[in-house]
Asks: 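One structure follows; several queries about it will come next.
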Amino acid sequence: MKTNLLKTVLLCAFVFTLNSCSSDSEEATAPAKHENTVVDYNYSELELTTAQLINDYRVSQGLNALELINYVSVKSEEHNEYMIENQVVNHDQFDERAHDIMENLGAVKVNENIAYNYQQPSGALNAWLNSPGHKANIEGNFTHFGISVTIDENTGKKYYTNIFIKK
């Protein structure tokens, strides 16, 4: 009995972590734009590889390649740092991140994918493509994105946050 309960709890936890988040307000008026929102972001090789893999996949499906926006990558990194600090893998405060991006960049649609403990970007991408919600985000009607891959200094595990936006 305890084994079945444990299996059920683990399955639910696994499905929960594969959920993707979206904030879609295409029908709504976009908040005021602040076109001068410029920040620096130093992309790691892991981040550039992940971004390239996502764009290569999109192009292979007849979709547009997405343009990286540093501001969105900073928001992705902030979420990775939150997950590491709190030892969680989730979409906590997604609505706040989405609203911030909409307000500061004039985005009309924001979605997010997260992944955890994939050693290579190709592993994270394959996991996303095998999850209907994450795949829908990757194949979605977006124009830009941000990416962060952060390594937990204590465990060596990698946290991936990928935020897609439509401007």
Side-chain angles (χ1 to χ4, degrees), residues 15-83 88-116 118 120-150 158-167:
V15 169
F16 178 76
T17 62
L18 287 179
N19 286 338
S20 59
C21 282
S22 66
S23 176
D24 187 355
S25 65
E26 287 184 287
E27 286 99 33
T29 304
K33 296 181 185 180
H34 300 283
E35 296 295 337
N36 293 325
T37 305
V38 178
V39 295
D40 289 329
Y41 190 85
N42 294 317
Y43 291 94
S44 71
E45 189 63 36
L46 285 170
E47 292 163 336
L48 293 173
T49 299
T50 305
Q52 188 61 54
L53 288 171
I54 291 167
N55 272 334
D56 289 349
Y57 175 79
R58 285 180 58 86
V59 170
S60 78
Q61 301 300 302
L63 302 168
N64 61 299
L66 303 176
E67 181 181 336
L68 280 170
I69 293 183
N70 293 351
Y71 188 83
V72 180
S73 294
V74 167
K75 292 298 167 186
S76 298
E77 182 179 57
E78 288 173 359
H79 185 58
N80 281 346
E81 290 169 354
Y82 167 85
M83 291 191 293
V88 296
V89 179
N90 60 32
H91 295 281
D92 283 0
Q93 290 114 26
F94 171 74
D95 288 337
E96 289 88 350
R97 275 189 301 289
H99 178 75
D100 179 89
I101 291 167
M102 291 172 152
E103 184 175 288
N104 285 296
L105 298 178
V108 296
K109 182 177 177 182
V110 179
N111 287 30
E112 174 179 89
N113 285 351
I114 61 172
Y116 164 72
Y118 290 95
Q120 298 299 320
S122 59
L125 177 65
N126 288 334
W128 287 331
L129 294 176
N130 286 318
S131 165
H134 293 99
K135 183 176 182 180
N137 287 344
I138 291 171
E139 294 178 348
N141 183 16
F142 297 103
T143 56
H144 299 81
F145 68 150
I147 186 76
S148 176
V149 181
T150 307
K158 295 178 180 132
Y159 290 74
Y160 295 74
T161 298
N162 180 206
I163 299 175
F164 301 90
I165 74 168
K166 179 177 181 181
K167 286 181 78 172

Asks: Rounded to the nearest 0.5 Å, what separates atom CD in E67 from atom CD1 in I165?
Replies: 9.5 Å
Asks: If every non-hydrogen atom of N137 is compared with every non-hydrogen atom of F142, which pair is closest and at what distance?
Replies: O-CE1, 3.2 Å
Asks: When rounded to the nearest 0.5 angstrom, what is the spacing between CG in N70 and OG in S76?
Replies: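 If I round to the nearest 0.5 Å, the distance is 11.0 Å.
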Asks: Just how far is it from atom CD1 of I69 to atom CG of L105, taken to the nearest 0.5 Å?
Replies: 5.5 Å
Asks: Any donor-acceptor pair under 3.5 Å linking the side chain of E112 with the backbone of I163?
Replies: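 No: the side chain of E112 does not pair with the backbone of I163.
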Asks: Do W128 side-chain atoms and G133 backbone N/O form a donor-acceptor pair below 3.5 Å?
Replies: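 The answer is no, because no donor-acceptor pair under 3.5 Å joins these two groups.
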Asks: Can you confirm whether S122 sits close enough to L53 that some side-chain heavy atom of one is under 4.5 Å from a side-chain heavy atom of the other?
Replies: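 Touching, per the 4.5 Å side-chain cut-off.
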Asks: Once you round to the nearest 0.5 Å, how far does CD of Q61 lie from CG of L129?
Replies: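 One finds 8.5 Å between CD of Q61 and CG of L129.
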Asks: Report yes if the distance between the aromatic ring centroids of Y118 and Y116 is under 6.0 Å, otherwise no.
Replies: no
Asks: Give the minimum heavy-atom separation between R58 and G140, together with the two atoms involved.
Replies: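 Looking at all heavy atoms of both residues, the closest pair is NH1-O, 3.0 Å.
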Asks: Could you check whether any side-chain heavy atom of L68 comes within less than 4.5 Å of a side-chain heavy atom of F145, counting everything from C-beta outward?
Replies: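 Side chain of L68 against side chain of F145, heavy atoms only: contact under 4.5 Å found.
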Asks: Check the pair E77 / T150 against side chain to side chain contact (heavy atoms under 4.5 Å, CB included), numbers first and verdict last.
Replies: CA-CA 7 Å; E77 182 179 57; T150 307; 4.3 Å; yes
Asks: For the atom pair CD (Q52) and CD1 (I147), what is the distance rounded to the nearest 0.5 Å?
Replies: 12.5 Å
Asks: May I ask you to test the H99-D95 pair for a side-chain heavy-atom distance under 4.5 Å?
Replies: no
Asks: Looking only at non-hydrogen atoms, find the nearest pair between K166 and T143 and report the distance.
Replies: CA-OG1, 3.6 Å
Asks: Which one of V59, T49, L125 satisfies the side-chain contact (heavy atoms from CB on, under 4.5 Å) criterion with I54?
Replies: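 Result: among V59, T49, L125, L125 is the only option passing the side-chain contact (heavy atoms from CB on, under 4.5 Å) with I54.
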Asks: I want to check something: taking the side chain as every heavy atom from C-beta on, are H144 and L66 in contact at a cut-off of under 4.5 Å?
Replies: no
Asks: Return yes if a side-chain donor-acceptor contact under 3.5 Å exists between E81 and Y159, otherwise no.
Replies: no
Asks: Would you mind reporting whether H79 and F94 have side-chain heavy atoms less than 4.5 Å apart?
Replies: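 No - every pair of side-chain heavy atoms lies 4.5 Å or more apart.
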Asks: Tell me, do E139 and L63 make a side-chain contact under 4.5 Å, heavy atoms counted?
Replies: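 Yes, side chains in contact.
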Asks: Is it true that a side-chain atom of D100 and a backbone atom of E96 form a donor plus acceptor pair closer than 3.5 Å?
Replies: no
Asks: Are the side chains of F164 and N162 in contact, using a 4.5 Å heavy-atom criterion?
Replies: yes
Asks: Just verifying a value: how many Å separate Y71 OH and I101 CD1, rounded to the nearest 0.5 Å?
Replies: 7.0 Å
Asks: Examine the side chains of E47 and Y160 and answer whether a donor and an acceptor come within less than 3.5 Å of each other.
Replies: no
Asks: Are R97 and V110 close enough that some pair of their side-chain heavy atoms sits under 4.5 Å apart?
Replies: no
Asks: Please check if any side-chain donor atom of N90 sits under 3.5 Å from a side-chain acceptor atom of Y82, or the reverse.
Replies: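 Checked: N90/Y82 side chains show no N/O donor-acceptor pair below 3.5 Å.
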Asks: How close do T161 and M83 get, heavy atom to heavy atom, and via which atoms?
Replies: OG1-CE, 3.6 Å
Asks: Please name the pair of heavy atoms, one in S148 and one in S73, separated by the smallest distance, quoted to 0.1 Å.
Replies: CB-O, 4.0 Å
